[in-house]
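Have a look at the structure below before the remarks.
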Amino acid sequence: MFCPFCRYPDSRVTDSRTSDDGSSIRRRRQCPECNMRFSTTETASLTVVKRSGVTQPFSRDRIVAGVRKACQGRPVSEADLALLAQTVEEAVRATGAAQIESNDIGLAILEPLRKLDEVAFMRFASVYQGWETLEDFEAAINILKVGREERESSDAQSAQDQNN
């Protein structure tokens with residue numbers, strides 16, 4: 001690690017701590033040449049393999065940009081999009097893989113987006129999953145309806161159990 005002050009090519013670690021979410025390590029360092037102290041943050045790199053075979057670094061911003069298009073005109077805030085991107089990144093990093101296919105990232109986006117906004121989910125899924133006919137949309141809508149009915153009946157049962 002180069003010293004940011006004198007560019008000496010080495011430094012000594014004086015303290016290491018994990019960050020709040022545990023996904024990075026903050027290290028306090030001291031340069032043996034100029035004795036200045038500085039901090040570094042280390043994170044594990046994650047590479048995305050695109051369909052074409054090209055690799056690029058993982059970026060939350062790319063997730064937000066892609067999902068933002070599906071959320072156009074919907075009541076979804078930038079904070080909601082940032083939280084969705086964080087959720088997706090945590091899910092992807094939890095796999096433990098250093099490389100992940102872009103298709104797997106798309107799959108990781110679907111469930112949090114469905115919970116956030118069903119219309120945006122339908123827009124994103126229609127492009128992502130390549131729906132071509134009305135029957136594709138109808139099948140997806142029916143799955144959403146069944147899922148909603150199951151959640152509502154489960155919520156009603158939980159409320160009834162709490163009242164008893």
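Note that this is a predicted model, so its numbers are computed, not measured. Positions are given from 1, in the same order as the sequence printed here.
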Any donor-acceptor N or O pair under 3.5 Å, side chains Ser39, Arg26: yes

Using atom types as modelled, flag every donor-acceptor pair under 3.5 Å from a side chain in residues 70-82 to any protein atom, sequence neighbours excluded.
unit_1	atom_1	unit_2	atom_2	d
Arg74	NE	Asp117	OD1	3.1
Arg74	NE	Asp117	OD2	3.1
Arg74	NH2	Asp117	OD2	3.2
Ser77	OG	Ala79	N	3.4
Ser77	OG	Asp80	N	3.1
Ser77	OG	Asp80	OD2	3.2
Glu78	OE1	Arg68	NH2	2.7
Glu78	OE2	Arg68	NE	3.1
Glu78	OE2	Arg68	NH2	3.4
Asp80	OD2	Ser77	N	3.1

Distance (rounded to the nearest 0.5 Å) between Arg28 CZ and Arg12 CZ: 11.5 Å

Contacts of Ala85 that satisfy side chain to side chain contact (heavy atoms under 4.5 Å, CB included) - sequence neighbours left out: Arg60, Ile63, Val64

Approximate separation, where rounding is to 0.5 Å, of Leu113 CG and Arg123 CZ: 10.5 Å

Residue pairs involving residues 106-115 (criterion salt bridge (Lys or Arg N to Asp or Glu O under 4.0 Å); sequence neighbours excluded): Glu111-Arg114

side-chain hydrogen bond (donor to acceptor under 3.5 Å, both in side chains) partners of residues 137-150, not counting sequence neighbours, each pair once: Glu118-Arg148

Nearest atoms (heavy-atom pairs only) where Ala108 meets Val88: O-CG2, 3.7 Å

What side-chain donor-acceptor pairs closer than 3.5 Å can you find for residues 97-104, not counting sequence neighbours?
unit_1	atom_1	unit_2	atom_2	d
Asn103	OD1	Tyr128	OH	2.6

Residues 46-59, side-chain donor-acceptor partners within the protein, below 3.5 Å, at least two apart:
unit_1	atom_1	unit_2	atom_2	d
Ser59	OG	Asp61	N	3.2
Ser59	OG	Arg62	N	3.4

Partner residues of Ser11 under the side chain to side chain donor-acceptor pair (under 3.5 Å) criterion, sequence neighbours left out: Arg29

Pairwise distance CD(Gln30) to CZ(Phe38) - rounded to 0.5 angstrom: 9.5 Å

For Asp10, all residues meeting side chain to side chain contact (heavy atoms under 4.5 Å, CB included), sequence neighbours excluded: Tyr8

Shared hydrophobic cluster, Phe124 / Ile141 (ILVMFWY, side-chain heavy atoms < 4.5 Å): yes

Atom pair CZ (Phe2) and SG (Cys31), whose distance is rounded to the nearest 0.5 Å: 11.5 Å

Counterpart residues, ring-ring contact (aromatic ring centres under 6.0 Å, His included), relative to Phe137 (two or more places apart): Trp131

With sequence neighbours excluded, residues passing side chain to side chain contact (heavy atoms under 4.5 Å, CB included) with Thr133: Glu135, Asp136

Any residue meeting side chain to side chain donor-acceptor pair (under 3.5 Å) with Arg37, in chain and number order, not counting sequence neighbours: none

Ser16-Arg27 side chain donor-acceptor pair, cut-off 3.5 Å: yes

Set of residues satisfying side chain to side chain contact (heavy atoms under 4.5 Å, CB included) with respect to Met36, sequence neighbours excluded: Phe5, Cys34

